[in-house]
There are 2 protein chains.
Amino acid sequence: MNANEKFIAAKAHVDEAAIAPLPNSRKIYVEGSRPDIRVPMREISQADTPTAFGGEKNPPIFVYDTSGLYTDPSAKIDIRSGLPALRQQWIEERGDTEILADLSSEFGRQRAGDKSLDELRFPDLHRHPRRAKAGANVSQMHYARRGIITPEMEYVAIRENMNRRAYVETLRGTGPTGEKMAKLLTRQHPGQHFGASIPEEITPEFVRSEVARGRAIIPNNINHPESEPMIIGRNFLVKINANIGNSALGSSISEEVDKMTWSIRWGGDTVMDLSTGKNIHETREWIIRNSPVPIGTVPIYQALEKVNGKAEDLTWEIFRDTLIEQAEQGVDYFTIHAGVLLRYVPMTANRMTGIVSRGGSIMAKWCLAHHKESFLYTHFEDICEIMKAYDVAFSLGDGLRPGSIYDANDDAQLGELKTLGELTDIAWKHDVQTIIEGPGHVPMHLIKENMDLQLEHCKEAPFYTLGPLTTDIAPGYDHITSGIGAAQIGWYGTAMLCYVTPKEHLGLPDKNDVKEGIITYKLAAHAADLAKGHPGAQIRDNALSKARFEFRWEDQFNLGLDPDKAKSFHDETLPKESAKVAHFCSMCGPHFCSMKITQDVRDFAAKEGLKEEEALAKGMEVKSVEFVKAGAEVYKKI
Amino acid sequence: MNANEKFIAAKAHVDEAAIAPLPNSRKIYVEGSRPDIRVPMREISQADTPTAFGGEKNPPIFVYDTSGLYTDPSAKIDIRSGLPALRQQWIEERGDTEILADLSSEFGRQRAGDKSLDELRFPDLHRHPRRAKAGANVSQMHYARRGIITPEMEYVAIRENMNRRAYVETLRGTGPTGEKMAKLLTRQHPGQHFGASIPEEITPEFVRSEVARGRAIIPNNINHPESEPMIIGRNFLVKINANIGNSALGSSISEEVDKMTWSIRWGGDTVMDLSTGKNIHETREWIIRNSPVPIGTVPIYQALEKVNGKAEDLTWEIFRDTLIEQAEQGVDYFTIHAGVLLRYVPMTANRMTGIVSRGGSIMAKWCLAHHKESFLYTHFEDICEIMKAYDVAFSLGDGLRPGSIYDANDDAQLGELKTLGELTDIAWKHDVQTIIEGPGHVPMHLIKENMDLQLEHCKEAPFYTLGPLTTDIAPGYDHITSGIGAAQIGWYGTAMLCYVTPKEHLGLPDKNDVKEGIITYKLAAHAADLAKGHPGAQIRDNALSKARFEFRWEDQFNLGLDPDKAKSFHDETLPKESAKVAHFCSMCGPHFCSMKITQDVRDFAAKEGLKEEEALAKGMEVKSVEFVKAGAEVYKKI
């Protein structure tokens, strides 16, 4: 559908590309302590090792799966109905919420009553909004601090372990070489963790304790029961967020839903809907109802639309109504730029690029116009009351983040960070889950200071960073300039990386850009997991490298982050099916394959009944003559 | 031309895309101490700042230019004639070389005499090969150690400074705000240099001293007088190399020449011709004659072709003849895997991916077959004699580099590195310029160990690394997994980064892949320069960010590494010319541009005759009312 075509709810359908099965992959569910805790994973099966290389079985590996029911062929997908409410039972069981007769937000009611919107409205929500009972606090942090392990906590514990134990056991069971295989394929470099404390196995109790102390959050609005719980914290796998959303200048509801399903297919752990155009409310409803991942927003964007773009006309009342409106739709975390204080604004006057955060500049303008601290700051405790009534998490926005290398780590930025730390204390006082947003444009050598100060000021509340971009000079490639910074800050302790697409600074990302951004950030997050020494992180690298070494081309593609692209690149030069089992590739051709040569060397040693290292250690004069006599050709026709 | 089409020398022509002018760019030459030292730079002109933002002049900036005469519209380009021999006079003046009557290499003479090759042979070299007079040493290191500053050294000194002084002076001269502009646009974060010692300004004497102590090289074969001198060393700008070359399975001579001109257009500092297919000798001739950048090769590849791919049949005599053949063509540096010792080979037996270096595996196979150390090692001093007779530099190959995360920093790799350090001592004894090749696949936290050990074992001989790739799991995106590692190792002290393209592990790169690899590595190298605090590195970032903040869209595109892509991305959503002067873009639309809001804030303060910071510090109750009354709209129609 193109942006100018009118969106009609009745005709809405899922993007076919989002539900196509991934090659050699199967959706599995790992069951928890009760039958309705069913944690999805993607199982990738592998071919046996070719006989020439040993012939062993290669058990399937399990990878973290953010794609929701879309990749489950047994699921019936109709985006007009949305996803099933898998958490509803858990929420109800707790008995601390109530169903409201109607929306509490004035704006929400107004939109619901507007007949002209019927045609594009999400049609099928028969659910009423839910809210904490008077005086109750329904945040996961609140439960955690009272010692309660929720089903959500157990769910994320299972999810984070990625079925590693089952994989290791299967490896051990693969015949006489099983123990060796298990050792080989699960070996991992000890990491450098910079103070992270990641246990060998994630237990529900560990999840609880991390949430309780604020070092991790489970974004989980009670009005988004469709979501599959996930956790954001430095002692868990590094997560990534994908930004989507239309603007006044382009894109439609269906395009945004497609971007969401496309994002999660490739690994987006959360999605932020940053829409600023028309029908923000309705667009969001479609996204949330169909999203298995937490959805974040920046409520001030919509509030600004409500005052026709005049920042100075914003009021606490309008903002408050917007928060409630969105909380009752099910937004899981809100970016709130409450740290933009009046005294920091002048510090941006000598910057190269001033204030580049949209939310930050709106609030700065408001502060200047009224010459007082923003209602986000003065009403912060009121906001906490709303957050805990729905379990919306704070993502404390860095409204003064640097927009250029020049402005990196300046007083405005670091001043605001300190204020975000103070606000974290207030949020925690209310048991409201909180993460902290970070830069921006930062040269490599100043990245660690950002992380260290964040850990200090915000007491290990999860850091959630945009990039950072390590240079300003590559428009069109800012997914890469920022991926470099993202990998590093993830290693240093950032819990979630907000992706940047190739269109950054230039335009709105389309679906291709979204995928490019996602894969770039998945690999950056994975590089960070490896460098931190996250237990089991290296399993996928080991499996892929083994497949590569054994010329299992299809497995090499399928174990990678983007099987489609890997296969299409390979096929550009060697399109025939037979090339997928060839023991060489187009890069070097048959004579020059180093992996093949290595294998020849090993084969030779094995034929002599010796381990290669022993053979060599003893001295091999005689054997080497035989090797030559045997006509040790590098390339044997297959 | 496609790979299957027959290449005919008489019809060869330059790739039109390689000579198209870059937008708003002009080739300039900075003259040195003599009129034939003319150092090329690219001058990028900029528009004036829009009146609303202050209206000042923005002087052109100068950037390092690797593209040679191809981007000089006054040059006559005919690839059948090759480039002019700009260094010939300097070489002749030194009086230490002689012109040979014929090629010294048997193979070279044989190819020259083969009439069947006439049709595809480079037609227009009327020059005879040149060699050092008996007993002479013509390496730049040799001159440097005798205290001689060659024209080549002066050339690179001028080149490295990138005309910074002229830029600063022009800035200062731009009217009353000149001093402020100069301060703003040249300000830079102090870097973290890890022991590098980069002076404020590069002088010819500094170049000489760095070359003399082996901490930098100027790859400069006397038979490649067409080359524009450049320097590789940790105290200079980080350089990048692009690999090109055909294989038995694809690509033609013209495609490879096109890849070379395409590589240098986008910033390749050197190019390695890794051809392994047919007509290697003739392909190389075309490349060298048309290349303004140093060309590297891996001579063992061609030697292996000469023995029909049978590694065990390789001999010192064949290899020696290949070195001389290539040295007399003008290859500037040779990758030589002389560190693959017999005792290291068994250490690879328990690796995940064995030996992945082509040269390394060839030599390992030879060593096993003969059970003795390779002729590269035993004849290393003989090789030095050849190198110094032509000024070919060593690139000591890491034949045992890790091909997977699993194998990173293992005993085989680090053992070989130590041997490379010993070989460096021998090369230096002969005054032969030397760089050291590095990994490979390495998780982030093990990268620094590579750098530190290299500095220690190889006494600061320049490090030249492939990536490193920081994960194995992203085939199709390995330019990015490796760009992450490259930026880091560049920061830590690596002098030149060997690019990786998106096709890595999957196929031969085409022109698009070459460009994607180059730009990725240019930005990684630049990120490293910024992090090291290389003087002047931030000038381009500052200029681009100022353009961005002032909505000078065209300048933002043109100051970036890839103006074409930046413009096309912008145009996808806002194709009209008027949008290039719009004070917003498609990402946020007119209401939401934070940069515009920032400017509004500054404008307001300026209108009040106050600096913004003063205005705020005083308290602005009254003024803020005026601000609101004035109807401070975020978006004013242009």
Side-chain angles (χ1 to χ4, degrees), chain A residues 192 247-249 276 309 312 346 349 352-356 358 361 365 369 371 404-405 443-445 470-476 481 484 487 506-508 523 526-527 530-531 540-541 544-545 549 560-562 565-566 569-570 573 586 589 591-592 594 597-598 612-613 616 620-621 624 627-628, chain B residues 192 247-249 276 309 312 346 349 352-356 358 361 365 369 371 404-405 443-445 470-476 481 484 487 506-508 523 526-527 530-531 540-541 544-545 549 560-562 565-566 569-570 573 586 589 591-592 594 597-598 612-613 616 620-621 624 627-628:
Chain A
Q192 181 179 7
S247 79
L249 298 173
T276 56
E312 59 275 22
M352 180 64 80
T353 47
I355 300 174
V356 296
R358 287 191 276 182
S361 62
K365 190 170 179 187
H371 201 260
S404 54
I405 291 293
M444 282 191 286
H445 66 300
T470 55
T471 91
D472 301 342
I473 68 166
T481 59
I484 290 170
L506 299 169
L508 267 189
L523 70 84
H526 186 72
L530 285 177
R540 193 171 183 174
D541 301 78
L544 191 144
S545 289
F549 186 69
L561 293 175
D562 184 355
K565 184 179 267 192
F569 276 3
H570 177 268
T573 28
S586 68
H591 276 181
F592 278 93
S594 56
I597 295 177
T598 302
E612 187 182 353
E613 58 270 43
L616 283 150
M620 290 180 33
E621 285 79 357
S624 58
F627 182 54
V628 176
Chain B
Q192 181 179 7
S247 79
L249 298 174
T276 56
E312 60 275 23
M352 181 65 79
T353 47
I355 300 174
V356 297
R358 287 190 277 182
S361 61
K365 193 171 178 187
H371 201 261
S404 55
I405 291 293
M444 283 192 286
H445 66 299
T470 56
T471 90
D472 300 342
I473 68 165
T481 60
I484 291 169
L506 298 169
L508 268 189
L523 71 85
H526 186 71
L530 286 176
R540 193 171 185 175
D541 301 77
L544 191 145
S545 288
F549 186 70
L561 293 175
D562 183 357
K565 185 180 266 191
F569 276 2
H570 177 268
T573 29
S586 67
H591 276 181
F592 278 93
S594 56
I597 295 177
T598 302
E612 188 182 351
E613 60 270 43
L616 283 151
M620 292 179 32
E621 285 80 357
S624 58
F627 182 54
V628 176

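Throughout, protein chains are lettered first and strands after them, A, B, ... in sequence-line order, and every chain is numbered starting at 1.
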Supply the atom-to-atom distance [X] [atom1] to [Y] [atom2], rounded to the nearest 0.5 angstrom.
| X | Y | atom1 | atom2 | answer |
| --- | --- | --- | --- | --- |
| A:Thr470 | B:His526 | OG1 | NE2 | 9.0 Å |
| B:Leu506 | A:His570 | CG | NE2 | 7.5 Å |
| B:Phe569 | A:Leu508 | CZ | CG | 13.5 Å |

(message) Using heavy-atom distances under 4.5 Å, tell me whether B:Leu544 contacts chain A through its side chain, its backbone, both, or neither.
(response) side chain
Taking all atoms of both residues into account, what is the closest heavy-atom pair of [X] and [Y], and its distance?
| X | Y | result |
| --- | --- | --- |
| A:Ala474 | B:Leu561 | CB-CD1, 4.1 Å |
| B:Ser545 | A:Met352 | CB-CG, 3.8 Å |
| B:Leu530 | A:Pro443 | CB-CB, 4.4 Å |
| B:Ala487 | A:Met444 | O-CE, 3.1 Å |

Out of [options], which one racks up the most heavy-atom pairs below 4.5 Å with chain A?
| options | result |
| --- | --- |
| B:Ile484, B:Thr471, B:Asp472 | B:Asp472 |
| B:Arg540, B:Gln192, B:Lys565 | B:Lys565 |
| B:Ala527, B:Ser404, B:Gly560 | B:Ala527 |

(request) For B:Asp541 and A:Ile405, indicate whether the former's side chain and the latter's backbone hold a donor-acceptor pair under 3.5 Å. (result) no
(request) Quick one: which of A:Asp562, A:Thr481, A:Ile473 has the most heavy-atom pairs under 4.5 Å with chain B, could you say? (result) A:Ile473
